Participant: 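Here it is, the structure in full.
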Amino acid sequence: MLAVLRNVPVSRLFVDVSLCFLAIVLASVSLTDLADPTTLHASNAGLMPRAAAFALITVFMFACLGLYRPVRLRFPAAFWRTIAAAALAGCIVYPIFEADTSADYAWKLLPRAIEYLALCLLIGKLAGPRLRKALRVPRVLIIGTGPDAMMVAQDFRESKTMQRNVVGYFATGQETAAATTGDARVFPGDSTIVDLVFRHGIDEIVVAVRDQRGGGVPMDQLLACRIRGIPVLDLAGCFERARAEVPLDSLKASWLVYGSGFAQGTVRRIVKRLIDLVGSTVLLVLCAPVMLIAMIAIRLDSPGPVLYRQERVGFGGKVFMCLKFRSMRVDAEKDGVAKWAAKNDSRVTRTGMFIRRTRIDELPQLFSVLRGEMSLIGPRPERPAFVKELREHIPFYDLRHSIKPGLTGWAQVRYGYGASIEDARRKHQFDLYYVKNNSLVLDLLVLVETVSVVLFREGQ
């Protein structure tokens, strides 16, 4: 649970909730006749609960429109998504405001609140860099000076949820220093880590050395720091927190065996199954018109069946028949050899291109969810031919089969389509993160990010 929450930008959530709440308060004050006590009481009665409802729903809409995803958005795009989210939230809470006050007052209040919110965003954009400099960012010491150490430092600079101030690198003598170390210092190996921690106010230590045998990494000094309350992370743990994926290059079986996670108890399975049953039923009812239109469009666009059945590997490595809307020509694999689906695949029809981009082609898989062969959230089910190949190239690949495959998943919203073994390897790192940290909170994050992926075609 804690590992999942680390991927939520808590500080930004707090700021956004506060700004949305403040926008309603300012709008209410601006519409209040301060000279008339009766008007003042009527307009502000129940203001705090209404403002809180507007703030929470607006922030939820922010998440649905991708404002908290790791994708870097230009300010104009982020600004208009913010205004759209606030407008949608206003439509949702309008009945609440109308019931507590009046239709005329609510109609004036909500648009003005959105105006104040836009003004706060502009001010925040200008003052944000100075504010971030004023706030204390945790200071980190990186053990190692090689490429892995540089990669860790880059992750800290780019991460939205795990920003760190790299004070310096501790040379172990086992690695060749990278070409650049940025603005941070390289401390010689004859320095004492405990002394560096207290002298430079270090809050965290990251060991960015793959091979820690041979005495190059001073474990006794790291233990002394750990006993004094300084967190010490290895490469796998650091990458998991910064990137929300489990890196295969620095992964060891012992880390998976002795580390936390992989909680798949009976209660979790029962609750997840109930959510799958209710969710798939509701989605089938809501998406029935869309599915009907897709079936007609596929039939008119190219000859062949509307649906196609394909073998996929599911829970426990068992093979099941997966249903999808046909998005390719009938002769896409006329030679009988399974081929990777590329981003701009020439085998895809015109209708198929649209339904793939909008993920409509995945909707028939809801029947697999009802049957219990799939879940709403989980790793993407692969074809047996690909699984056989990927097992040979990707370590711990079968771990993804320890839970049911999903209609959408952490890898799908964070990486998009894969068209090669290397893409499959990278996506497997996200799948491992999901399997290790699977929980209802992570499922909710996936569902929220799926909305943004579908609407804005992110990760395509």
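Quantities reported herein were computed from a predicted structural model and do not represent experimental measurements.
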Participant: Would the number of heavy atoms belonging to other residues, nucleotides or ligands and lying under 6.0 Å from CZ of Phe396 be above 12?
Facilitator: yes

Participant: Taking the six-membered ring for Trp and the full ring for Phe, Tyr or His, determine whether the centres of Phe187 and His200 are under 6.0 Å apart.
Facilitator: yes

Participant: Could Arg312 and Glu373 be called an ion pair, given the rule that one side-chain N must be under 4.0 Å from one carboxylate O?
Facilitator: no

Participant: Within the 3.5 Å criterion, strictly below it, is a donor on Ser327 or Asp361 matched to an acceptor on the partner's side chain?
Facilitator: no

Participant: Report yes if some heavy atom in the side chain of Glu245 is under 4.5 Å from a heavy atom in the side chain of Arg426; otherwise report no.
Facilitator: yes

Participant: As a quick check of understanding, evaluate side-chain hydrogen bond (donor to acceptor under 3.5 Å, both in side chains) for Arg326 and Ser302, giving each step before the final call.
Facilitator: CA-CA 10 Å; Arg326 182 174 59 85; Ser302 63; 3.0 Å; yes

Participant: So does Gly378 get a backbone contact from the side chain of Ser375, meaning a donor-acceptor N/O pair under 3.5 Å?
Facilitator: no

Participant: Tell me, yes or no, whether the heavy-atom count around Phe320 atom CZ, taken from other residues, nucleotides or ligands under 6.0 Å, exceeds 12.
Facilitator: yes

Participant: Is the shortest side-chain heavy-atom distance between Glu240 and Asn437 below 4.5 Å?
Facilitator: yes

Participant: May I ask you to establish whether Arg383 and Phe386 are in a cation-pi arrangement, using a distance under 6.0 Å from NZ or CZ to the six-membered ring centre and at most 45° from the ring axis?
Facilitator: yes

Participant: Considering only NZ, NE, NH1 and NH2 on the basic side and carboxylate oxygens on the acidic side, decide whether Arg380 and Glu362 come within less than 4.0 Å.
Facilitator: yes

Participant: For Arg400, is there an ion pair with Glu382 - N to carboxylate O distance below 4.0 angstrom?
Facilitator: no

Participant: Looking at Phe456, does the NZ or CZ of Arg81 lie under 6.0 angstrom from its six-membered ring centre and within 45 degrees of the ring axis?
Facilitator: yes

Participant: Under 30°, 30 to 60°, or over 60°: which ring-plane class applies to Phe62 and Tyr68, parallel, tilted or perpendicular?
Facilitator: perpendicular

Participant: Give a yes-or-no answer on whether the side chains of Asp443 and Tyr434 include a donor-acceptor pair shorter than 3.5 Å.
Facilitator: yes

Participant: Spell out, as yes or no, whether a donor-acceptor pair under 3.5 Å connects the side chain of Trp410 to the backbone of Val435.
Facilitator: no

Participant: Going by atom types alone, do Thr408 and Thr450 pair a side-chain donor with an acceptor below 3.5 Å?
Facilitator: yes

Participant: List for me each residue that meets side-chain contact (heavy atoms from CB on, under 4.5 Å) alongside Pro231, sequence neighbours excluded, and say none if there are none.
Facilitator: Glu204

Participant: Between Asp301 (side chain only) and Ala297 (backbone N and O only), is there a donor and an acceptor less than 3.5 Å apart?
Facilitator: no

Participant: Around atom CZ of Phe60, are there more than 12 heavy atoms from other residues, nucleotides or ligands closer than 6.0 Å?
Facilitator: no

Participant: Between His401 and Phe315, is the ring centroid distance below 6.0 Å?
Facilitator: no

Participant: For the backbone of Ile377 and the side chain of Lys272, can you confirm whether one donor and one acceptor N or O come within less than 3.5 Å of each other?
Facilitator: yes

